[in-house]
Amino acid sequence: MEELVIYPKRGRMLKLGLLSLLFSMFGLLFIFLLIAGEASIGTGLIGLVALVFFGLCSVYLMKRAIVHQPALIISSEGITDNSSYIGAGLVEWKDLKKVDMIETSGQLYLALYTYDPNLIVNRSHAAKKAANRANRFLVDSQINIPVNNLAYPLDQLLGKVIEIGEQELTNSREK
């Protein structure tokens with residue numbers, strides 16, 4: 001079977017990176033206001049958090065826009081998610097219980113449900129583990145891939161994932 005490789009939308013990654021850079025600049029402004037004595041310590045702390053968080057986001061997003069690596073790979077092995085910082089990596093077909101589309105906070109996601117609800121959390125390192133745990137409080141699915149960031153037709157994505165998954169599960173049962 002030929003694998004389906006889906007890349008992120010470069011323009012969207014660039015726009016999000018620039019927006020993150022703008023927010024990190026606001027954080028820097030709050031810190032300068034604190035140093036100048038024009039803002040409270042609370043405002044300075046908000047600035048520091050914004051600078052660090054959005055600064056890291058802008059670096060990650062700009063890198064994703066420049067270094068064009070696949071966001072999603074659907075193959076005979078399974079689904080490889082590299083669509084975000086907390087991307088799950090390879091999730092084998094045998095570990096997937098259900099694939100669906102969900103909408104949360106006005107954004108559409110390809111949702112992957114695994115038999116083991118801790119599969120992704122257990123194999124993540126510290127920062128990703130914390131983010132994945134927090135993600136579990138928002139939605140039931142273990143892996144959520146933002147489809148608006150993918151350079152692949154939305155109306156075909158779920159159908160293609162289900163088609164390839166069913167084909168691979170059928171092939172594995174026949175072996």
Side-chain angles (χ1 to χ4, degrees), residues 1-13 15-17 19-20 52-54 56-65 67-175:
M1 182 203 89
E2 190 175 316
E3 64 184 20
L4 173 63
V5 179
I6 302 172
Y7 288 89
K9 293 178 182 172
R10 275 190 171 169
R12 184 165 173 85
M13 293 295 107
K15 286 178 196 173
L16 290 172
L19 191 60
S20 292
V52 170
F53 178 76
F54 288 110
L56 291 172
C57 287
S58 64
V59 168
Y60 173 79
L61 290 164
M62 295 294 199
K63 180 182 173 197
R64 287 299 306 244
V67 179
H68 209 50
Q69 298 173 326
L72 193 64
I73 301 171
I74 305 164
S75 68
S76 59
E77 295 178 56
I79 299 174
T80 304
D81 169 30
N82 294 315
S83 62
S84 67
Y85 174 72
I86 62 169
L90 176 64
V91 181
E92 295 179 5
W93 292 113
K94 65 180 174 69
D95 295 327
L96 286 174
K97 179 172 154 183
K98 177 181 167 189
V99 177
D100 202 0
M101 289 290 216
I102 61 169
E103 184 177 344
T104 183
S105 303
Q107 188 165 346
L108 200 57
Y109 294 88
L110 177 66
L112 307 178
Y113 299 82
T114 59
Y115 289 106
D116 177 5
N118 295 313
L119 177 74
I120 306 307
V121 172
N122 290 341
R123 67 182 192 185
S124 301
H125 62 75
K128 286 186 178 185
K129 188 175 283 201
N132 277 311
R133 279 191 184 134
N135 192 42
R136 284 189 7 203
F137 289 107
L138 299 174
V139 290
D140 292 336
S141 56
Q142 286 76 40
I143 302 139
N144 302 294
I145 301 163
V147 296
N148 293 343
N149 296 345
L150 301 177
Y152 193 80
L154 174 61
D155 58 339
Q156 296 175 22
L157 182 61
L158 183 60
K160 196 69 171 171
V161 170
I162 291 171
E163 173 191 324
I164 293 171
E166 286 177 354
Q167 178 183 0
E168 290 308 317
L169 289 173
T170 302
N171 290 345
S172 66
R173 285 186 202 122
E174 290 172 357
K175 290 180 182 177

So Leu16 and Arg12, side-chain contact (heavy atoms from CB on, under 4.5 Å) or not? Walk me through it. CA-CA 6 Å; Leu16 290 172; Arg12 184 165 173 85; 4.1 Å; yes
Would Leu72 and Asn82 count as a side-chain contact (heavy atoms from CB on, under 4.5 Å) if you check the C-alpha gap in whole Å, the side-chain angles of each, and the deciding distance to 0.1 Å? CA-CA 6 Å; Leu72 193 64; Asn82 294 315; over 6 Å; no
I need the minimum non-hydrogen distance between [X] and [Y], along with the two atoms involved.
X      : Y      : result
Tyr60  : Tyr85  : OH-N, 3.2 Å
Ile6   : Tyr152 : CG2-CB, 3.6 Å
Gly17  : Met62  : C-CE, 3.7 Å
Arg64  : Pro8   : NH2-CG, 3.5 Å
Leu157 : Met101 : CD2-CE, 4.4 Å
Ala65  : Arg10  : O-NE, 3.3 Å

Could you tell me which residues satisfy side chain to side chain contact (heavy atoms under 4.5 Å, CB included) with [X], sequence neighbours excluded, listed by chain and number?
X      : value
Ser20  : Phe54, Cys57, Ser58, Leu61
Ala111 : Ile102, Tyr113, Ser141, Asn144
Pro146 : Ser83, Gln107, Tyr109, Asn149
Val5   : Glu3, Tyr7, Pro70, Ile73

Test side-chain contact (heavy atoms from CB on, under 4.5 Å) on Ile79 and Trp93; report intermediate values, then the result. CA-CA 7 Å; Ile79 299 174; Trp93 292 113; 3.7 Å; yes
How many angstroms lie between atom CD1 of Ile74 and atom NZ of Lys160, to the nearest 0.5 angstrom?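 With rounding to 0.5 Å, CD1 (Ile74) is 8.5 Å from NZ (Lys160).
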Of Leu90, Leu112, Ile145, the residue whose pairing with Asp81 passes side chain to side chain contact (heavy atoms under 4.5 Å, CB included):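 Passing option: Ile145.
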Quick one: does Lys98's side chain have a donor or acceptor within less than 3.5 Å of a partner on Thr114's backbone? no
side-chain hydrogen bond (donor to acceptor under 3.5 Å, both in side chains) involving Glu92 - partner list, sequence neighbours excluded: Lys94
